[in-house]
Amino acid sequence: MTFPGPRGAVRRLPGVRAVDGVSFDVRPGETLGLVGESGCGKSTTGRMLVRLLDPTAGRVSFRGEDITRTAQSRLRPLRSRFQMIFQDPFASLNPRQTVQQIIAAPLRAQGTAPAAVRREVRDLVDLVGLAPEHLERYPHQFSGGQAQRIGIARALATRPELVVADEPVSALDVSIQAQIVGLMERLQRELGVAYVFIAHDLAVVRHISHRVAVMYLGRIVEIGEKNEVYERPAHPYTKALLSAVPLPDPAAERARERIVLLGDPPSPANPPSGCTFHPRCPKAQEICRTERPLLRITGPTAGRQAACHFPE
Ligand code: SF4
């Protein structure tokens with residue numbers, strides 16, 4: 001995904017390659033966590049998956065069907081099968097609509113009969129832990145956690161197979177975060193929905209994910225089963241991110257090695273040569289400055305891959 005550059009005095013300046021060479025799959029019913037610092041391209045990736053953004057190159061396939069260039073009119077029947085949950089529930093809910101209208105909208109769009117819509121909306125409100133009397137209220141009458149429950153109910157209204165959740169709990173209080181993550185886990189067990197869970201909080205991602213992909217400057221630098229990635233990170237960036245996550249055991253917390261990364265992530269408009277992590281990497285060698293490492297198998301299974309010349 002390349003975003004066009006700003007207009008200069010004579011011509012447009014070079015574009016920003018926000019996501020580059022990213023490739024992964026999501027299996028039915030699983031949660032794939034997508035992590036990385038802000039600006040690493042994880043939200044852009046999520047938006048491309050559900051065609052809220054059209055990629056400038058590459059392909060998005062859903063159940064084997066290439067949906068990258070499908071016209072919006074033909075996309076409509078497919079839309080009910082993949083949905084999105086947003087970070088700020090208030091910004092994503094129409095303030096002039098009641099909860100009933102908000103949750104009913106995707107059902108109406110797919111042509112569900114009015115009586116069935118009313119029944120479905122009541123079931124959905126119950127499913128996400130809200131009460132029937134909430135149906136006639138407006139978004140501003142709810143707390144952030146309740147508003148996110150409405151967003152989840154709307155996303156699940158058409159019983160999608162895939163939901164992309166973009167930082168769904170990062171705007172909420174910590175105690176509420178656990179409730180929403182618990183709700184999403186229960187709904188996955190009951191409905192079999194797959195999630196792409198985008199977040200910068202590694203503790204939350206560890207809790208909910210089956211597999212994890214770590215992004216840095218528009219690329220996936222490591223991907224694998226959750227426990228493999230968290231317990232034996234292969235990429236120095238993953239290792240550094242994990243070293244900043246507090247451990248619940250105070251003795252383990254005191255004993256563990258903390259890796260402090262130098263500087264801020266570079267601008268995607270002007271990425272470093274070779275391995276784009278090299279200016280901040282404690283293990284960087286000469287080759288890292290010139291040769292870009294490709295994502296390759298580094299673990300006991302093919303699903304475990306890292307993009308590093310010197311993986312752990
Ligand atoms: S390729 Fe080199 S600079 Fe990049 S992460 Fe690996 S060791 Fe660090």
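This is a predicted model, so every value here is computed, not measured. One-based numbering, in listed order, for ligands and for the atoms of each.
In this structure, Ser209 OG and Tyr230 OH are separated by 6.0 Å, a value rounded to the nearest 0.5 Å.
In this structure, a donor-acceptor pair under 3.5 Å is present between the side chains of Arg79 and Gln72. A donor-acceptor pair shorter than 3.5 Å can be found between the side chains of Gln188 and Thr31.
Listed by chain and number, the protein atoms of type N/O/S under 2.8 Å from atom 6 (Fe) of ligand 1 are Cys308 SG; waters are omitted.
Evaluation of the side-chain hydrogen bond (donor to acceptor under 3.5 Å, both in side chains) rule for Gln87 yields Ser170 as partners, not counting sequence neighbours.
Glu222 places a side-chain N or O within donor-acceptor distance of the main-chain N or O of His235, the cut-off being under 3.5 Å.
The pair Arg206-Glu231 counts as a salt bridge, with a side-chain nitrogen and a carboxylate oxygen less than 4.0 angstrom apart.
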